[in-house]
Each structure stands twice: as C-alpha cells, then as structure tokens.
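So the structure is just underneath, and the comments pick up after that.
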2 protein chains.
Amino acid sequence: MSQWPTGRLLGIASRLVEHAWFDALAELDLTHAGMIVLHLLAEAPDSQASLASRARVEAQTISRTIDRLEREGYVVRHEDPADRRRRLVERTPRGAEVFERTRHIEADLFPEVADLPALRAALLDIIGSSSGDRWTTED
Amino acid sequence: MSQWPTGRLLGIASRLVEHAWFDALAELDLTHAGMIVLHLLAEAPDSQASLASRARVEAQTISRTIDRLEREGYVVRHEDPADRRRRLVERTPRGAEVFERTRHIEADLFPEVADLPALRAALLDIIGSSSGDRWTTED
DNA sequence: GCCAAATGATCAGCCGGCTTACTAAATCGG
DNA sequence: CCGATTTAGTAAGCCGGCTGATCATTTGGC
C-alpha cells in the first residue's frame, strides 16, 4: 500500500476519518455535512449559494443538507426581502447548542500523525491549487 | 479556512483530487473506484470479499463497482469451483489495456505540495491507526 | 452425520458528492 | 422600458460510500 498513488491514500484516509466522525455525531442527530454548515453559520446567516461556495460544494448538495438540518430543527430558511430569489439560512438555538457539543470531538478523534503541521500545510496546498475555477477562493 | 479542523481539510482535498481524476478517466469509460479494482487485479484474480478488504471498502460497495466494470467489459466474474459461495473476479484484456492507459495520469494530475513524503507518511499513519477493527490490515 | 455458526454475495435504502435541466427573480443593454 | 442574460434555488438521476437484512454455501462442534 505504501506504493499506492497519493490520491488514493488521500481518499481512504478521508473516508476513515469521516467514518469516525459519523459515529461520534450520530447520537446528536447530526452528520458531518450538517456540522460543516452549522459551523459556517456561526457568525451570521447566509445564503445557500454562499454556503455552497464556502464549503467547496455544489449548490444542489447544500440544498439537501439544509433540508435535513431543517427537518431536525437545527436551521430555518427564510426569504430575503431584499432579493426574493435568495433564501437566508439561519441557525436555531437548538442548532447553535448542538454545534457547541461538537467542539470537543476533533481533538478526541483525529489520529496521531508524525507531523501534523506538514499535513495541514500540504492539504491547504492541494485545496488552494485545485479549487481554481470551481470556487472563487475568498478565504 | 486555515483554522478548520484537519478532518474537514482532508475531506475537501480528497474530493478535489478525486474530481480531477474523474475528468481524466471519463474518456476511458472508467471511474476512480473502478480503476482501484483494476489495479488490485493486476497480479491475479481475486474474490470480491478480498477486494473489498484490500480497498478498505464494504462488500456491497465492491459489488456495484464490479457490476459497472463488468458492464463495460473490463472484468468478468466466474464461479470458484472450490467454493461455490465465491465469485472470482478477473480482468479482461480490455480491462488490462485500459488500466495501462491510466498509469501516466497521477504524475500529470496531482498538485504540487511542499513536502510530499511528509504528506504520504501522515496519510499512511492515519490509515494505519484508523482501519483497526474495520479491515484486517495485511498490506 | 447434522445442526449451528461463519462466510460470500446481493438487495433495499440512506447520505452526500456530482451533472443536467428547469423555474423564478434580478440585472443589464440597447 | 423591455427583452436577454445572469443568478438562486430545486428536481431528477447517477456514482460511491454506508448499514441492515437475506440467501446460499461452507465450516465446525458435538
């Protein structure tokens, strides 16, 4: 396996970590995708298109994720009076509360690696150079 | 984004790289999942359960991936006379040929990172410590 | 030898990526 | 001012993860 392409190692590592998250979040009626949205809404409500761009995901994907968050009562959608095409998404108190309860998880969960800063730097390199024309990088 | 949890960076980087693979493989009527299976079959035919374990994936996932490879004519399934529960999967000549044409892709496609060996080492760390009871690690 | 347990494969159904195609609303050009 | 273009959101449908359930076969204990 140590000879496998880096892209494949990346995919496998990602799925394994996400699976651990899934187990930890199940008791909160939350998924990994939902948690990302709750995180992005911490500061202020936002439109779905903006959320999609910030999460590096297509609009359709965000739409369904928000459907599920809404079903659980963690966010609400309401019309933007200034632009009736847009639907602003906002965390409910329950959504804010459940997100707070996820804060400790990463530390417990993420496995030990020899050089964590190097890993994070490499991942940011990849994201920076690959998300070129797909999402306007503003972060 | 540089403050985001490492698990999330891993997921985004993985999707971006996989998307680039997807584009490169589309003209070969092949997907990333299919390519992995063709790789695993390079040496010898194998059973589906073994392929699933080697790819760090559940049996059901492999089953559908092989369905599609079979539909494209890249592999064939045949019964194992020694154990009639098993179905041995084998690459066809077309499958071997199309896999050869993917060999050059990784080099063209994978983005530049500052410290590639550190990235690979970290990913192998994660895979090693996370795939504990999920797959018997033999590789 | 026979019945229980383990194993290999599949079906059904969920989630979360994606594309293509559509509607409604806002914006822009002439 | 009005038609064309752009933008926000959604529906439909595919792929690839996953779980839980089912069926056939093999293995193992008694």
Side-chain angles (χ1 to χ4, degrees), chain A residues 8 10-23 25-26 29-37 46-53 55-72 77-89 130-131 134-136, chain B residues 8 10-23 25-26 29-37 46-53 55-72 77-89 130-131 134-136:
Chain A
R8 195 180 312 170
L10 197 50
I12 293 174
S14 168
R15 280 191 296 106
L16 291 172
V17 170
E18 188 165 345
H19 190 268
W21 270 103
F22 183 85
D23 290 344
L25 292 173
D29 291 318
L30 198 56
T31 66
H32 193 241
M35 190 192 66
I36 294 172
V37 172
D46 200 358
S47 72
Q48 298 190 188
S50 169
L51 288 171
S53 163
R56 262 64 175 178
V57 147
E58 296 301 321
Q60 168 56 23
T61 299
I62 280 289
S63 189
R64 282 186 311 188
T65 299
I66 293 172
D67 285 347
R68 289 174 199 120
L69 286 171
E70 202 169 32
R71 191 198 306 157
E72 296 292 339
R77 283 191 253 228
H78 49 81
E79 308 269 319
D80 182 349
D83 183 342
R84 289 182 13 253
R85 292 171 306 181
R86 306 174 74 192
R87 306 180 68 184
L88 291 174
V89 184
S130 297
S131 59
R134 231 172 137 62
W135 292 278
T136 61
Chain B
R8 195 179 314 170
L10 196 52
I12 293 175
S14 167
R15 284 196 349 260
L16 291 171
V17 170
E18 187 166 343
H19 189 270
W21 270 104
F22 184 85
D23 290 344
L25 292 173
D29 291 317
L30 197 57
T31 66
H32 193 241
M35 190 190 65
I36 294 172
V37 171
D46 200 358
S47 73
Q48 298 189 187
S50 168
L51 288 170
S53 163
R56 263 64 176 176
V57 147
E58 296 300 321
Q60 167 57 21
T61 299
I62 279 289
S63 188
R64 283 185 311 187
T65 299
I66 293 171
D67 285 346
R68 289 174 199 119
L69 286 170
E70 201 169 32
R71 191 199 306 158
E72 296 292 338
R77 282 191 253 229
H78 48 81
E79 309 268 320
D80 182 350
D83 182 343
R84 285 179 19 250
R85 292 172 305 181
R86 304 174 75 192
R87 305 180 67 182
L88 290 174
V89 184
S130 297
S131 59
R134 231 174 137 62
W135 290 280
T136 60

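Keep in mind the model is a prediction, meaning the values are calculated, not measured. Below, chain A is the first sequence line, B the second, and so on; all start at residue 1.
Side-chain proximity of Ala33(A) to the nucleotides dC18(D), dC15(C), dG16(C) is greatest for dG16(C).
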Exercise for review: Decide yes or no on salt bridge (Lys or Arg N to Asp or Glu O under 4.0 Å) for Arg77(B) and Glu70(B), but give the supporting numbers first.
Suggested key: CA-CA 8 Å; Arg77(B) 282 191 253 229; Glu70(B) 201 169 32; 3.2 Å; yes

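In this structure, Arg85(B) and Asp80(B) have side chains that are not in contact, with every pair of non-hydrogen atoms separated by 4.5 Å or more.
Between Thr31(A) and the phosphate of dG16(C), there is a side-chain N or O to OP1/OP2 separation shorter than 4.0 Å. Close to dG16(D), at under 4.0 Å from its OP1 or OP2, lies no side-chain N or O of His19(B). Proximity of Arg68(A) to the phosphate of dC14(C): no side-chain N or O atom is located under 4.0 Å from OP1 or OP2. In terms of phosphate contacts, His32(A) brings no side-chain nitrogen or oxygen within less than 4.0 Å of OP1 or OP2 of dC15(C).
At a threshold of 4.0 angstrom between heavy atoms, the contacts of Thr61(A) include nucleobase atoms, whether or not backbone atoms are also involved.
Arg15(A) has its CZ atom 15 Å from the P atom of dG17(C), to the nearest Å.
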Check your understanding: Going 5' to 3' along nucleotides 2-11 of chain C, which nucleotides have protein heavy atoms under 4.0 Å from the base (write B), which only from the sugar-phosphate (write S), and which from neither (write -)?
Key -> ----BBSSBB

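When atom types are taken as modelled, the side chain of Arg68(B) and the backbone of Leu30(B) share no donor-acceptor pair closer than 3.5 angstrom.
Each of Ala82(A) and Glu18(A) was matched to the nucleotide of DNA chain C holding its nearest heavy atom; the match closer to the 5' end belongs to Glu18(A).
Note that OG1 of Thr65(A) and CD1 of Ile36(A) are 8.5 Å apart. Values are rounded to the nearest 0.5 Å.
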